[in-house]
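Being a predicted model, the structure only gives us computed values, none of them experimental. A, B, ... follow the sequence lines: proteins, then strands. Residue 1 opens every chain.
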Amino acid sequence: MYKTKINFFNPYKIALSGQAFRIAPIDGTHTELVSRGKYLQIADLGESVFAFSCGEEEFNNIWHNYFDLGRDYEGIARSVDPGDDFLVKATGFGSGIRILKQECFETVISYIISQRRSIPSITTCVDRLSSLCGGEVPVPDEVFKNDIFVSPLKEKYYAFPDASRVAELTADDLNRIGAGYRTPYIMRAAQDFNSGKLTYEGLDSLDDDELYKALTSMYGVGVKVANCIMLFSFARTGRFPVDVWIKRIEDKYYGGKFDETRYPGTAGILQQFMFYYIRKGSLEE
DNA sequence: GTCCAGGATCGGG
DNA sequence: CCCGATCATGGA
């Protein structure tokens with residue numbers, strides 16, 4: 001168990017923010033996730049103090065980066081135009097949300113799956129894919145031994161499969177987990193990552209325009225999914241994905257188009273606040 | 001049963 | 001370049 005104080009960090013909101021599909025709140029103060037082939041539980045102890053179900057070394061090597069804890073989110077919130085009522089509200093409401101640095105292949109496949117589906121439906125499909133061919137991930141003993149933590153939601157957890165495993169699946173396999181018409185998209189993406197035609201390192205070495213071009217040239221990856229991959233896996237925080245929810249915001253509050261060039265390098269982070277607010281904000285009004 | 005979902009592709013104008 | 005039809009399925 002590693003305990004530390006973190007400002008502007010709210011795992012509960014992050015779990016509900018819809019940017020990742022394998023993180024979930026257990027109750028109001030506990031959140032669990034699987035990433036990097038590991039199970040992690042976080043307990044919110046109040047006063048901005050959090051307990052992680054791992055050692056200090058794992059926290060520093062993996063989770064500090066995963067949760068983007070080195071970035072100044074307070075400064076980003078302060079940079080918002082005070083005359084933009086909607087954005088000010090959204091940023092305040094979502095305070096504590098971080099842009100996760102998710103694994104590349106998982107993000108590509110998850111967002112290919114995401115097209116034209118609701119978030120619960122995406123989660124179901126990604127979970128089915130993981131339990132079909134991802135390796136089982138143990139829950140650390142610490143979760144059961146230390147009463148700071150609570151019982152996990154599920155009995156078993158599975159890593160998101162790597163490209164070699166997904167590349168072995170047949171169209172029937174993918175249809176069975178509910179991939180629907182995205183099945184051929186997933187198959188080709190898995191082949192490209194498995195063959196080495198696409199790699200995280202290769203893609204990450206590209207600048208924004210080149211990366212965008214590389215992603216949108218993939219079969220089944222269009223404008224929106226490419227921007228999500230860039231934002232949620234490559235930390236290209238200037239990218240501004242527009243889905244049906246953001247489009248509604250643009251129509252209602254920004255005359256049809258949000259001027260993302262006003263926030264170079266941070267528009268994507270603000271986008272996530274907007275997305276969270278339009279979907280969850282009304283629940284507390 | 002109906003409707004919509006963190007859209008992309010394809011063909012045709 | 002822009003437009004409309006179409007795509008398979010889960011969840012509300």
Report summary line: Residue pair A/Pro120/A/Gly220 against DNA chain B: nearer the 5' end by closest nucleotide is A/Pro120
Report task. Quickly work out the A/Ile119 CD1 to B/dG7 C1' distance and round it to whole Å. Result -> 14 Å
Report task. Using the P atoms only, state how far B/dG6 lies from C/dT6, rounded to an integer number of Å. Result -> 24 Å
**Report entry** Closest to the A/Arg248 side chain, choosing from B/dG7, B/dC4, B/dT9
**Finding:** B/dC4
Report task. Indicate, with a heavy-atom threshold strictly under 4.0 Å, whether A/Ile112 touches base, sugar-phosphate, or nothing. Result -> nothing
Query raised in the report: With respect to the side chain of A/Ser118, which nucleotide from B/dC4, B/dT9, B/dG6 is positioned closest?
Result: B/dG6
Requested in this report: Step through the shown structure and confirm whether more than 12 heavy atoms of other residues, nucleotides or ligands are within 6.0 Å of NZ on A/Lys156.
Outcome: no
Report task. Calculate the interatomic distance between A/Ile113 atom CD1 and B/dA8 atom C1'; express it in whole Å. Result -> 15 Å
Query raised in the report: Which part of the nucleic acid, if any, lies within reach of A/Phe275 when heavy atoms closer than 4.0 Å are counted: base, sugar-phosphate only, or nothing?
Result: base
Query raised in the report: Under 4.0 Å between a side-chain N/O of A/Arg182 and OP1 or OP2 of B/dA8, yes or no?
Result: no
Query raised in the report: Expressed in angstrom and rounded to an integer, what is the separation of A/Phe273 atom CZ from B/dG6 atom P?
Result: 20 Å
Query raised in the report: Would you call A/Asp173 and A/Arg176 a salt bridge, using N to O less than 4.0 angstrom?
Result: yes
Report task. Would you classify A/Met218 as touching base, sugar-phosphate or nothing, given that sugar-phosphate means primed atoms plus P, OP1 and OP2, and contacts are heavy atoms under 4.0 Å? Result -> sugar-phosphate
Query raised in the report: Heavy atoms under 4.0 Å, any strand shown: does A/Gly18 hit a base, just sugar-phosphate, or nothing?
Result: base
Report task. Write down the distance separating the C1' atoms in B/dA8 and C/dG11, rounded off to the nearest Å. Result -> 22 Å
Query raised in the report: A/Ser121 side chain: which of C/dG10, B/dA5, B/dG7 is closest?
Result: C/dG10
Report task. Under 4.0 Å between any heavy atoms, over every strand shown, what does A/Val242 touch: base, sugar-phosphate, or nothing? Just pick one. Result -> nothing
Report task. Would you mind checking if A/Asp68 and A/Arg98 are paired as a salt bridge, meaning a charged N to carboxylate O distance below 4.0 Å? Result -> no
Query raised in the report: With under 30° as parallel and over 60° as perpendicular, where do the rings of A/Tyr200 and A/Phe234 fit, or are they tilted in between?
Result: parallel
Query - Separation of C/dT9 C1' from A/Asn175 CG (nearest whole Å) - result: 11 Å
Query raised in the report: Could a donor-acceptor pair under 3.5 angstrom be found where the side chain of A/Tyr185 meets the base of B/dG7?
Result: no
Query raised in the report: What closest approach, in Å, do A/Pro11 and A/Phe50 show between heavy atoms, and which atom pair accounts for it?
Result: CD-CE2, 3.6 Å
Query raised in the report: In whole Å, what is the span from the CZ atom of A/Arg117 to the P atom of B/dA8?
Result: 15 Å
Query raised in the report: Taking atom C1' of C/dG10 as reference, at what distance in whole Å does atom OH of A/Tyr181 sit?
Result: 13 Å
Requested in this report: Can you tell me the distance, in whole Å, between the NZ atom of A/Lys224 and the C1' atom of B/dG6?
Outcome: 3 Å
Report task. Using a cut-off of strictly less than 4.0 Å, decide whether A/Thr124 has a side-chain nitrogen or oxygen near OP1 or OP2 of C/dG11. Result -> yes
Query raised in the report: Atom CD of A/Gln115 to atom C1' of B/dC4: distance rounded to whole Å?
Result: 15 Å
Query raised in the report: Do A/Tyr254 and A/Asp84 come close enough that some side-chain heavy atom pair is under 4.5 Å?
Result: yes
Query raised in the report: Given B/dT9, B/dG6, C/dG10, which nucleotide is nearest the side-chain atoms of A/Phe232?
Result: B/dG6
